[in-house]
Novice: 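Got a structure for you, written out below as structure tokens; questions coming shortly.
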Amino acid sequence: MSDAKQEWPLWEVFVRPKAGLDHKHCGSLHASDAKMAIQMAREVYTRRQEGTSVWVVRSSDITASDPADKDMYFDPMEDKVYRHPTFYELPDSVNHM
Amino acid sequence: MYTQAMDTGPKEERKAVRSAAEAELEARFESHIDEGDFIEAKDWMPEHYRKTLVRQISQHAHSEIVGMLPEGNWVTRAPTLKRKAILLAKIQDEGGHGLYLYAAAETLGTSRDQMIDALHSGRAKYSSIFNYPTLSWADIGVIGWLVDGAAIMNQVPLTRCSYAPYARAMVRICREESFHQRQGFDALNVMMREGTAAQKAMVQDAVDRWWWPSLMMFGPPDGESTHGAQSARWGIKRISNDDLRQKFVDATTDQAKVLGVTPPDPLLKWNDDRGHYDFGPIDWAEFWRVVGGHGPCNRERLDARIKAWDDGAWVRDAAMAYARKQTMKKEAA
Amino acid sequence: MNMAVVTETLQLRLTPPVRYVLRWADTALIHAQRLAEWCGHGPVLEEDIALTNMALDLVGQARGLLTLAGQLEAQGRATPFDEDALAFWRDERDYLNLTLVEQPMRRSSAHSPGGDFADTVLRNLLLASWFKQGWKGLLTSSDAELAAVAAKALKEARYHQQHAADWVVRLGDGSDESQQRMRAALLRAWPYTAEMFVDDAVDTAAAASGLGPARSALRAAWLAEVGQVLDEATLALPADPQSVSTGTQGVHSEHMGFILAEMQSLQRRFPGGVW
């Protein structure tokens, strides 16, 4: 079983299929850095169609607040897009302590 | 491509409700379901719902990934460049589908590594159809026709699953899936209409071997299934394996006639009273043997996946090492 | 146009223009064949998809080029050999790919240890950079179809090159293990790069007629690009090769026989088959 913090980080992918439209959330993927994330997003979510704009954001960097039932909102991780085992990695410089 | 019904999962749980607050949460959750509302990642959900979905979605993802292997087995031997290209595109799609599904599962609190670990250790299952070997090129066409055909039937209802990330992934998958079945049927049709006698014999032989396992993709008979009404309400599980299986037999028997192949079932016969094809008994002992790990290729498939993962460890670690170095450089700058 | 139905090894008139086109076609084809071995076995799912995508692009390039080669070969004859006749029915001596693309990438055989992912990303880099220079030169080919193939292929080669370069850097400058593997891969591959830039009569004729660039014309830009990537990857440029491999002459390494046996097996087993 590998260490959670060794896992490639998770990125959320947003694609704008053509000019004039909005970027739409498509899903996520794992990549070791932003450059790879963009390339992979193209391969997986756009099948490399040209003219599409791709945004990738580390899932843990997204601040979210969207539950319909605000009163029912108990989740302590309320500002993350969802609960994921790797969202609270230590900063890299601290990982090596 | 999807799986047989994964009815071998955890049984329905009816835990005692812990508190009034939780009871209220659950009541609200159920009323959302009743109203046909979607549940999103951050909404409150019963633990049983979450666990069932993690299991089902991840097993569906594993099936896509393992499913790349029997087809990958023939990609270097594809008989024409066009067929090679089509097969490469199909395998690529399957990888992509696995990825969409892992992504959906990760919204429920599991990670890719955890899911892969569950697969490799045998705790998680994948569709046992992929534990059969692809022994000829015609197998590739038959997989497209029958296995993808069954998968599509299993999958369409999931586009209405209450858990929205899964439903959205399924919409994307279903859109890409119809090409898979069509290309399989087309490959067989060309051989049956214009091919040599040897090619036709190859096709019939493939049908003989894949027919019954395809019917098993719909899971055990309804009387023996462990799914519950609650999972059906949640749109996670179907009500009836047998109904879908019958629908599949009806469609494919007619398609078999178009192809000019004979399903290996002497009892297959149109029943006017029922308005369906009667068909022969399925060998459920074989089904359970294969599901239980004793099919023709179970060990091979899993070993291939484990090896790919293990052999790739240095690659994944190196990529992280590089990323960390770059981050430290930036921070130091 | 009627295509010849083929049931036995082709007897071809390999004129210099045909040879020239086949070198591009076969290099793309055999490289795609090796990349396809990764299907379902990649180090991470996302990369599996990327490699398969790359193979798909290369098969597309091979198909366009083989079709063109068949037309060029048929001059005067009513029935050209189509892409499949050329892909599946030539004798080994008539395949004109770079020897580099025959080298193992993932699988081992009874006769040699396999390659690994380091070999794969490095080879992708070396080839994509080579193809990039080639396609650029072919944009102005005297053959309109070849120019059209080149225009589409150049976009793909740029993408492949970028992807491969990123990986070479990641692995070259990643962990100790990955750097060691990249160095080993570089030492294995480098001797085969000489063949990418050595001219013969086929190259001279192609350059003279405007069909396309001679291989020697590709070297400077290739070395600049590859050199920069290797530098960023903290990998030293190996010494110049001391010999030139001969795949482009039709004399291959021991791996080629196995590759062709596998690739051609179905067509040969079902002669006259329709697929």
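Any value given below was found using the heavy atoms of this structure, including those in side chains, with hydrogens, waters and symmetry copies removed.
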Novice: Looking at B/Glu194, B/Arg316, B/Lys325, B/Met202, which one has more heavy-atom pairs under 4.5 Å with chain C than the rest?
Specialist: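 When all of B/Glu194, B/Arg316, B/Lys325, B/Met202 are compared, B/Lys325 has the most.
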Novice: Report which part of C/Asp116 has an atom under 4.5 Å of a heavy atom belonging to chain B: side chain, backbone, both, or neither.
Specialist: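 Contact with chain B: side chain only.
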Novice: Picking from B/Ala198, B/Gly72, B/Ala313, B/Ala187, which has the most non-hydrogen pairs under 4.5 angstrom with chain C?
Specialist: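 Highest number of heavy-atom pairs under 4.5 Å: B/Ala198.
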Novice: Side chain from CB out, backbone as N, CA, C, O: work out which of these in C/Asp173 comes under 4.5 Å of a heavy atom of chain B, or both, or neither.
Specialist: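 Its backbone and side chain both get close to chain B.
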Novice: For B/Lys82, which atoms come within 4.5 Å of any heavy atom of chain C: side chain, backbone, both, or neither?
Specialist: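 B/Lys82 touches chain C through backbone and side-chain heavy atoms alike.
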Novice: Quick one: what part of B/Leu69 sits under 4.5 Å from any heavy atom of chain C, side chain, backbone, both or neither?
Specialist: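 For B/Leu69, side-chain heavy atoms alone lie under 4.5 Å from chain C.
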Novice: Against chain B, label C/Phe88 side chain, backbone, both or neither, depending on which of its atoms sit under 4.5 Å from a heavy atom there.
Specialist: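 Only the side chain of C/Phe88 comes within 4.5 Å of chain B.
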Novice: If you count heavy-atom pairs under 4.5 Å between each of B/Val75, B/Val190, B/Leu99 and chain C, which one has the most?
Specialist: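 Maximum pair count with chain C is reached by B/Leu99.
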Novice: May I ask you to decide whether C/Glu46 forms a salt bridge with B/Arg112, counting only side-chain N to carboxylate O separations under 4.0 Å?
Specialist: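 Yes, C/Glu46 and B/Arg112 are salt-bridged.
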Novice: In terms of heavy-atom proximity below 4.5 Å to chain B, should C/Leu29 be classed as side chain, backbone, both, or neither?
Specialist: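 Just its side chain gets close to chain B.
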Novice: Give, as side chain, backbone, both or neither, the part of C/Ala87 having an atom under 4.5 angstrom from any heavy atom of chain B.
Specialist: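 Just the side chain, heavy atoms under 4.5 Å.
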Novice: Would you please test C/Val44 and B/Val315 for side-chain contact (heavy atoms from CB on, under 4.5 Å) and show each step?
Specialist: CA-CA 9 Å; C/Val44 70; B/Val315 176; over 6 Å; no
